[in-house]
Amino acid sequence: MIIGRVLRRSMAQIISGKQVSSEIKQSLKDQVASLTVKPLLAIVQVGAREDSNVYIRNKIKFASEAGVMTKHFQLPKSTTQDQLVKQLKVLNEDSSVHGIIVQLPFDCENNINADMITNLIDPSKDVDGLSDINAGKLMHGQVDGKTSYVPCTPFGCLELIKRSGIEIRGCNAVVLGRSKIVGSPMAQLLVWNDATVTIVHSKTKDIPSILKKADIIVAAIGKPNFVKAEWLKPGVVIVDCGITSVPDPSKKSGQRLVGDVDYEECKKVAKAITPVPGGVGPMTVAMLIYNTVDAAKKRQGKM
């Protein structure tokens with residue numbers, strides 16, 4: 001099924017992450033209704049960064065609407081690494097908890113090793129898919145969902161690409177960015193879905209010529225409006241993970257959100273494109289709750 005709408009002045013299909021995530025939410029709600037125990041997601045936060053607070057509220061809201069329970073552990077800024085370790089050990093051992101995430105970045109007064117903390121989460125509860133064990137399984141092609149969890153943003157991007165109607169197998173795909181949260185796992189997901197993948201990063205030479213050959217582009221480079229329409233092959237599918245606030249005097253706030261892609265121009269060339277906001281963002285939350293329900297189903301022997 002193809003999700004989106006076609007604008008009259010553009011041939012591009014606008015892939016609505018809001019619409020797709022809503023469909024996923026309804027599906028999860030139906031699945032949860034068949035379980036004997038409700039899935040439970042534990043969210044651990046250190047400090048009170050406002051952007052983190054917004055993200056957490058969105059996760060809790062989506063989870064509630066899908067029938068998934070959440071527990072929010074908001075620890076003070078004064079939390080030490082040892083105290084956070086103890087909290088995670090308790091959650092690892094709590095059989096009522098199906099998924100655990102640690103909200104990053106930390107907002108703390110002490111030095112806390114984020115990589116070490118992420119790797120303390122039981123891999124079977126690591127619904128963010130960020131532990132070395134889950135990352136390693138993805139690297140080795142264990143993407144069937146039976147033994148591992150894929151990071152939520154790349155997982156959501158893959159779903160949006162599939163909704164565009166493009167055949168991934170045999171495509172030339174370019175991923176802009178190589179972070180362990182988005183770029184690197186996105187590249188691996190595309191490889192295991194039979195695409196030929198190129199990773200572009202800050203040291204890559206002649207990026208436009210690489211993008212010109214792409215059938216699929218996933219932009220996660222953190223540079224607003226970086227990708228230009230003249231760099232694209234007509235008919236390309238674009239998934240934009242970027243989100244940056246830029247000045248805009250026409251807005252009441254004086255700012256607007258843009259992605260890594262020059263959306264207004266690129267949609268005139270692309271076959272399909274995600275908007276910012278309303279594209280990848282809602283999918284990240286949806287796939288987090290999807291993974292949590294999945295973890296609960298495995299615990300109850302439903303898979």
Side-chain angles (χ1 to χ4, degrees), residues 12-13 15 17 20 128-130 132 134-143 148-244 258-263 266-267 269-276 279-284 287-288:
Q13 170 197 344
I15 313 171
V20 177
D128 249 347
L130 299 180
D132 289 348
N134 278 323
K137 288 183 175 181
L138 173 58
M139 177 69 73
H140 288 278
Q142 296 183 34
V143 293
S148 62
Y149 290 106
V150 174
C152 302
T153 298
F155 195 9
C157 290
L158 182 66
E159 184 65 21
L160 291 177
I161 292 168
K162 290 178 177 179
R163 300 288 180 122
S164 76
I166 193 172
E167 174 64 46
I168 299 176
R169 178 177 296 173
C171 277
N172 288 321
V174 175
V175 178
L176 285 85
R178 53 181 172 179
S179 74
K180 77 172 192 176
I181 295 176
V182 183
S184 293
M186 186 74 245
Q188 290 300 317
L189 272 180
L190 287 166
V191 165
W192 296 118
N193 278 270
D194 300 320
T196 300
V197 183
T198 301
I199 300 176
V200 165
H201 49 77
S202 60
K203 301 298 186 292
T204 302
K205 297 179 180 179
D206 197 7
I207 292 175
S209 69
I210 296 172
L211 293 182
K212 197 72 175 179
K213 301 174 184 177
D215 303 303
I216 299 169
I217 294 173
V218 179
I221 205 167
K223 295 183 179 181
N225 295 319
F226 178 76
V227 177
K228 307 302 181 186
E230 57 267 27
W231 300 355
L232 306 177
K233 178 170 70 173
V236 65
V237 171
I238 303 173
V239 176
D240 191 349
C241 301
I243 185 161
T244 305
V258 300
D260 291 349
V261 174
D262 186 348
Y263 177 78
C266 289
K267 72 181 182 182
V269 181
K271 171 191 174 184
I273 189 170
T274 60
V276 176
V280 172
M283 293 298 295
T284 299
M287 303 324 285
L288 171 66

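By convention here, the first residue in the shown sequence is residue 1.
In this structure, CD1 on Ile181 lies 8.0 Å from OG1 on Thr153, to the nearest 0.5 angstrom. With values rounded to the nearest 0.5 angstrom, Thr244 atom OG1 is found 12.5 Å from Phe226 atom CZ. Annotation: the span from Glu159 atom CD to Ser164 atom OG amounts to 10.5 Å, rounded to 0.5 Å. Between Ile168 atom CD1 and Asn193 atom CG the span is 5.0 Å, to the nearest 0.5 Å. Remark: Thr204 OG1 to Ile221 CD1 distance equals 7.5 Å, nearest 0.5 Å. Between atom CG of residue Leu160 and atom CE of residue Met283 there is a gap of 4.5 Å, rounded to the nearest 0.5 Å.
The closest donor-acceptor contact from the side chain of Asp240 to the backbone of Val261 lies under 3.5 Å. Asp215 places a side-chain N or O within donor-acceptor distance of the main-chain N or O of Asn172, the cut-off being under 3.5 Å. Checked by atom type and distance alone, the side chain of Lys137 never pairs as donor or acceptor with a backbone atom of Val150 at under 3.5 Å. A donor-acceptor pair under 3.5 Å links the side-chain atoms of Asp260 to the main chain of Gly222, judged by distance alone. Panel note: side chain Ser184, backbone Arg178; a donor-acceptor pair is recorded below 3.5 Å. Distance alone, capped at 3.5 Å, places no donor-acceptor pair between the Lys212 side chain and the Lys233 backbone.
Across every non-hydrogen atom of Val174 and Ala214, the tightest pair is CG2-CB, 3.6 Å. Counting all heavy atoms, side chain and backbone alike, Lys228 lies closest to Cys266 at C-SG, 3.7 Å. Between Arg163 and Val20, the closest heavy-atom pair is CZ-CG1, 3.8 Å. For Ala195 against Ala173, the heavy-atom pair with the smallest separation is CB-CB, 4.2 Å. Taking each heavy atom of Gly279 and Thr274 in turn, the nearest pair found is CA-CB, 4.2 Å. Here the shortest heavy-atom pairing between Pro208 and Trp231 reads CG-CE2, 3.5 Å.
Atom NZ of Lys213 has 12 or fewer neighbouring heavy atoms from other residues, nucleotides or ligands inside a 6.0 Å radius. Remark: His140 NE2 is loosely packed, at most 12 non-hydrogen atoms of other residues, nucleotides or ligands lying under 6.0 Å away.
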For Tyr263 and Ile273: C-alpha separation, side-chain torsions, deciding distance, then whether side chain to side chain contact (heavy atoms under 4.5 Å, CB included) applies. CA-CA 8 Å; Tyr263 177 78; Ile273 189 170; 3.7 Å; yes
Stepwise side chain to side chain contact (heavy atoms under 4.5 Å, CB included) test for Leu288 and Asp128: CA-CA 6 Å; Leu288 171 66; Asp128 249 347; 3.9 Å; yes
Run Leu232 and Ile238 through side chain to side chain contact (heavy atoms under 4.5 Å, CB included) and show every step you take. CA-CA 10 Å; Leu232 306 177; Ile238 303 173; 3.6 Å; yes
Run the side chain to side chain contact (heavy atoms under 4.5 Å, CB included) check on Ile161 and Leu190 step by step: do they pass? CA-CA 10 Å; Ile161 292 168; Leu190 287 166; 4.1 Å; yes
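With respect to Pro185, the side-chain contact (heavy atoms from CB on, under 4.5 Å) criterion is satisfied by exactly one of Ser179, Cys157, Pro154: Pro154.
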